[in-house]
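Note sheet for the following structure.
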2 protein chains.
Amino acid sequence: MRDPEQRFQELMAKLRARAYRLTPQRVALIRLLAYSEGHPDAAELYRRLLDQFPTTSLATVYKTLNLLKEMGEVLEIEINGIGGEGSRFDGNDPAPHPHLICVRCHRIMDGQVSLTEEILQTVQGQSGYRVISHRLDFYGICPECQVQGVN
Amino acid sequence: MRDPEQRFQELMAKLRARAYRLTPQRVALIRLLAYSEGHPDAAELYRRLLDQFPTTSLATVYKTLNLLKEMGEVLEIEINGIGGEGSRFDGNDPAPHPHLICVRCHRIMDGQVSLTEEILQTVQGQSGYRVISHRLDFYGICPECQVQGVN
DNA sequence: TCCTTATAGATAATCTTTTTCCAGAGAGAA
DNA sequence: TTCTCTCTGGAAAAAGATTATCTATAAGGA
Ligand SMILES: [Mn+2]
Ligand SMILES: [Mn+2]
Ligand SMILES: [Zn+2]
Ligand SMILES: [Zn+2]
């Protein structure tokens, strides 16, 4: 995980560079994203934002999230198939990296392996696609859920 | 790609084994899935089913799709982040395998590489997760869209 | 301070997927 | 074949996440 404060400053700089307005709500949300470890969803970010801005709208969260997605500064993790819920987000590290998703409690942690350049070349060669990005997710049972057994 | 007819028979046998009723709509949908190459979505399957059964309901498609998902006989590919559309399905090969998703025309083709056992072991060891399944998708531009250039 | 315009907030709309309800059909028994 | 029991299809409504719309306001520069 990157240093959250450093990541926060980086995001602020990038927004400034594009002349986006640094509203308090936006700054707070960006801080939440930069510091977040647990891959929160939009509703979770909204909840935390409400502590600081009781009148915030969920739409505002989505708007900022989309803004950052377009800038390539937030990674969206879709887990619709898992709990019927919405996407989760990683604003600390937007580069493609593997995730471990617990199918029981929906905890998401970062994986440390990365695809080899060899695999990427193989895939591009076989398919003819020009690969821009990728996604590697593992589904399983997290350590906590394993000790609990079936509940 | 597996032999479609063989796959169709396999699915029929598995439904019979679980004593699910082989209604004409269900059989037709299963045939569509077994023979499908292009990773259709629910609406596409629905459209094709309408040719044979003009009164079919989209809900029926989803019900059968969910049935097969629970049986582990259909692979769901979520691309919500791409075009705002829904999931796509592979009923010909439900085992986890990589996909190449064109971010321009949304074509999906199968990738041929597979994750090494070494990577799987590494991920499990590092995380403590018991990995059940995985997902590996590549996003890029398909050959057709490359020659067209930017449209 | 003033002006311009991007953005927040409230709300409605959208879109995919699920749920509900019930008539009708599938399949086994006789 | 007929009977019976249930499962399933179809129609419609509902749900749930995300997006669009509209307007007042506030950010940032002059
Ligand atoms: Mn992550
Ligand atoms: Mn496939
Ligand atoms: Zn868990
Ligand atoms: Zn394409």
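Numbers restart at 1 for each chain; the letters A, B, ... are given by sequence-line order, proteins then strands.
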message: Distance check needed: C/dC15 C1' versus B/D41 CG, whole Å only.
response: 12 Å

field: Co-members of A/V123 in a cluster of I, L, V, M, F, W and Y side chains, linked at under 4.5 Å
entry: A/L100, A/M109, A/V113, A/L115, A/I119, A/L120, A/Y129, A/V131, A/L136, A/F138, B/L100, B/M109, B/V113, B/L115, B/I119, B/L120, B/V123, B/Y129, B/V131, B/L136, B/F138

- request: List for me each residue that meets side-chain contact (heavy atoms from CB on, under 4.5 Å) alongside A/L75, sequence neighbours excluded, and say none if there are none.
  value: A/D90, A/H97, A/H99

- request: Any pair with a residue in residues 54-68 of chain B that passes side chain to side chain donor-acceptor pair (under 3.5 Å), sequence neighbours left out, goes on the list, sorted by first then second residue, please.
  value: B/N66-B/K69

message: Give the residues of residues 10-38 of chain B touching DNA chain C, defined as any heavy atom closer than 4.0 Å, sorted by residue number.
response: B/R21, B/L22, B/P24

- prompt: Side-chain N or O of B/N66 less than 4.0 angstrom from OP1 or OP2 on C/dT17?
  reply: no

Review item, side-chain donor-acceptor pairs of residues 11-36 of chain B, under 3.5 Å, at least two apart:
from  : atom 1 : to    : atom 2 : distance (Å)
B/K14 : NZ     : B/E73 : OE2    : 2.7
B/T23 : OG1    : B/R26 : N      : 3.2
B/R26 : NH1    : B/R21 : O      : 3.1
B/Y35 : OH     : B/E5  : OE1    : 2.4
B/S36 : OG     : B/L33 : O      : 3.0

- request: Round to a whole Å and report the spacing from CG of B/L45 to C1' of C/dT16.
  value: 14 Å

field: salt bridge (Lys or Arg N to Asp or Glu O under 4.0 Å) partners of residues 105-118 of chain B, not counting sequence neighbours, each pair once
entry: B/R107-B/E144

task: May I ask you to list the residues of residues 49-58 of chain B, by number, that have any heavy atom positioned under 4.0 Å from an atom of DNA chain D?
output: B/T55, B/T56, B/S57

message: Restricting to side-chain hydrogen bond (donor to acceptor under 3.5 Å, both in side chains), what partner residues turn up for A/H134, sequence neighbours left out?
response: none

Atom-pair distance (OH on B/Y62; P on D/dG10), nearest Å: 16 Å

task: Would you mind reading off the bend of the helix from C/dT1-D/dA30 to C/dA30-D/dT1 from its two end axes, five pairs each, to 10 degrees?
output: 40°

message: Suppose the criterion is salt bridge (Lys or Arg N to Asp or Glu O under 4.0 Å): which pairs have a residue in residues 123-143 of chain A, not counting sequence neighbours?
response: A/R135-A/D137

task: Please check if the side chain of A/R88 supplies one atom and the backbone of A/I77 the other of a donor-acceptor pair under 3.5 Å.
output: no

- request: Please name all residues satisfying side-chain hydrogen bond (donor to acceptor under 3.5 Å, both in side chains) with A/E44, sequence neighbours left out, ordered by chain then number.
  value: A/R47, A/R48

- prompt: What pairs with A/E10 under side-chain hydrogen bond (donor to acceptor under 3.5 Å, both in side chains), at least two apart in sequence or on another chain?
  reply: A/R2, A/R7

